[in-house]
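All remarks here apply to the structure that follows.
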Amino acid sequence: MAMAMAVVSFPSLLQKSALSSSLFTPTFLPAKSSSSILTKSSPNPKRHFVVSASMEAGIGVMGSKLGMMTFFEEDGTVVPVTVVGFREGNIVTQIKTLATDGYDAVQIGYRRVRDKKLTKPETGHLQKAGVIPMRHLQEFRLTNVEGFETNQKLVFDEIFKEGDLVDVAGTTIGKGFQGGIKRHHFRRGQMTHGSKSHRALGSIGAGTTPGRVYKGKKMPGRMGGTRTKIRKLKIVKVDKDLNVVMIKGALPGKPGNLLRITPAKIVGVNIPKN
């Protein structure tokens, strides 16, 4: 009896979840030697799993979280804001194009350090661009890289203005190994009257059937310390004298954490609806 085989298109599935990814979107690309693989004798061609950064709505910068404070607007409205400062950096270190690297992107360096803090490959890469030694290097994938050049310094107030919406990404505070109540907001049992279930997780599944625990079950484990992006935050104040910016709401990480600030992605405005 002939058996019908269902062919699943991986790119079509990943395109649906492209908007939900924060920084990286997994894609499946054919191998380089596709001519030798795509033959009649191999009905299922091999595919390599490649992680590529998602497109940004525009060029962004990197900053350092300083802490939170209260900001009073002119009408007396109280706004909780996070203060972000900028160390020496935000300098273009490399420009990648479709012809040279296969995609268009601008690499930015941030936070100046001493030469001995970097490895020789890192030092050589920065010396080739003619820039100062910097700790952090990040890429911003753009649809067009015209107008950028190496050793170009990006200034925050020239890219963003008060009232703009931005996406801020960073690493959250690590909480270590936590239980279900703190990690997933479970409710505890009674603490008195003979109860033997206080903060325990409880039942995690049936017995003989299925005889195992389903994947994705909310259980105790490592909490925090992950990459997170908070979208569509409003820039409340830009202070050129102090070289800081105030963004409404809370941002990932603790004071001193590295933050990545980019223009907010808004469908129909800077992102096509299709």
Side-chain angles (χ1 to χ4, degrees), residues 14 16-26 51-73 77-87 89-90 105-106 108 110-111 135-142 154-176 178 182-185 218 221-239 242-272:
L14 295 171
K16 296 180 180 179
S17 60
L19 296 177
S20 61
S21 62
S22 57
L23 289 176
F24 301 97
T25 302
V51 177
S52 60
S54 60
M55 286 287 184
E56 299 289 356
I59 192 65
V61 296
M62 286 178 281
S64 302
K65 180 178 178 178
L66 301 181
M68 293 195 68
M69 60 172 290
T70 300
F71 181 81
F72 294 89
E73 296 183 348
T77 304
V78 178
V79 181
V81 298
T82 302
V83 183
V84 180
F86 300 95
R87 299 191 179 187
N90 282 322
V106 177
I108 307 297
Y110 178 72
R111 188 180 174 184
R135 167 68 69 186
H136 306 287
L137 295 178
Q138 290 192 12
E139 289 185 359
F140 296 84
R141 290 200 63 180
L142 307 174
L154 302 179
V155 183
F156 185 87
D157 54 6
E158 295 179 357
I159 303 175
F160 303 99
K161 299 179 181 179
E162 296 181 1
D164 291 349
L165 298 179
V166 293
D167 294 341
V168 183
T171 304
T172 59
I173 300 176
K175 302 292 185 179
Q178 300 296 333
K182 183 172 182 178
R183 192 184 187 201
H184 301 294
H185 307 288
K218 294 182 179 180
R222 290 288 296 273
M223 178 180 177
T226 58
R227 189 75 174 175
T228 305
K229 176 183 282 188
I230 305 179
R231 300 181 181 275
K232 298 182 180 180
L233 297 177
K234 180 181 178 182
I235 298 178
V236 178
K237 179 71 174 179
V238 177
D239 196 324
L242 299 177
N243 195 24
V244 298
V245 59
M246 301 179 186
I247 301 177
K248 183 178 180 180
L251 302 182
K254 52 188 175 182
N257 188 38
L258 177 68
L259 298 175
R260 175 188 174 105
I261 306 174
T262 55
K265 297 181 180 180
I266 304 176
V267 178
V269 178
N270 50 26
I271 296 180

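Residue numbers count from 1 along this sequence.
- For Lys65 against Lys254, the heavy-atom pair with the smallest separation is CD-O, 3.8 Å.
- A distance of 11.0 Å separates OG1 of Thr228 from CD1 of Ile173, quoted to the nearest 0.5 Å.
- Using a 4.5 Å heavy-atom threshold, the side chains of Arg260 and Phe140 count as touching.
- Within the model, atoms CZ of Arg87 and CE of Met62 stand 13.0 Å from one another, a figure rounded to the nearest 0.5 Å.
- Atom CG of Asp157 sits about 9.0 Å away from atom CZ of Phe86, to the nearest 0.5 Å.
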Under the criterion side-chain contact (heavy atoms from CB on, under 4.5 Å), I'd like the reasoning laid out for Val83 against Leu242: C-alpha separation, chi angles, the key distance, then a yes or no. CA-CA 11 Å; Val83 183; Leu242 299 177; over 6 Å; no
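- Of all heavy-atom pairs between Gln138 and Arg227, the closest is NE2-NH2, 4.0 Å.
- The closest side-chain heavy-atom distance from Glu162 to Lys237 is below 4.5 Å.
- Annotation: side chain to side chain contact (heavy atoms under 4.5 Å, CB included) contacts of Ile235 (sequence neighbours excluded): Phe156, Phe160, Asp164, Val166, Val238, Val245.
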Go through the steps to decide whether Phe72 and Thr77 satisfy the test side-chain contact (heavy atoms from CB on, under 4.5 Å), and finish with yes or no. CA-CA 6 Å; Phe72 294 89; Thr77 304; over 6 Å; no
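- Note that OG1 of Thr172 is 12.5 Å distant from CG of Leu251, once rounded to the nearest 0.5 Å.
- Using a 4.5 Å heavy-atom threshold, the side chains of Met246 and Met69 count as touching.
- Note that the CD atom of Glu56 and the CZ atom of Arg141 stand 10.0 Å from one another [nearest 0.5 Å].
- Here the side chains of His136 and Leu258 are in contact, with some heavy-atom distance below 4.5 Å.
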From CA spacing to verdict: side-chain contact (heavy atoms from CB on, under 4.5 Å), Asp167, Arg231: CA-CA 4 Å; Asp167 294 341; Arg231 300 181 181 275; 3.4 Å; yes
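- A distance of 10.5 Å separates CD in Gln178 from CZ in Arg222, rounded to the nearest 0.5 Å.
- The two atoms that bring Gly249 and Met68 nearest to each other are O-CE, 3.8 Å, heavy atoms only.
- In this structure, the side chain of Thr171 does not engage the main chain of Gly225 through any donor-acceptor pair within 3.5 Å.
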For Ile261 and Ile247, what are the C-alpha separation, side-chain angles and deciding distance, and is it a side-chain contact (heavy atoms from CB on, under 4.5 Å)? CA-CA 10 Å; Ile261 306 174; Ile247 301 177; 4.2 Å; yes
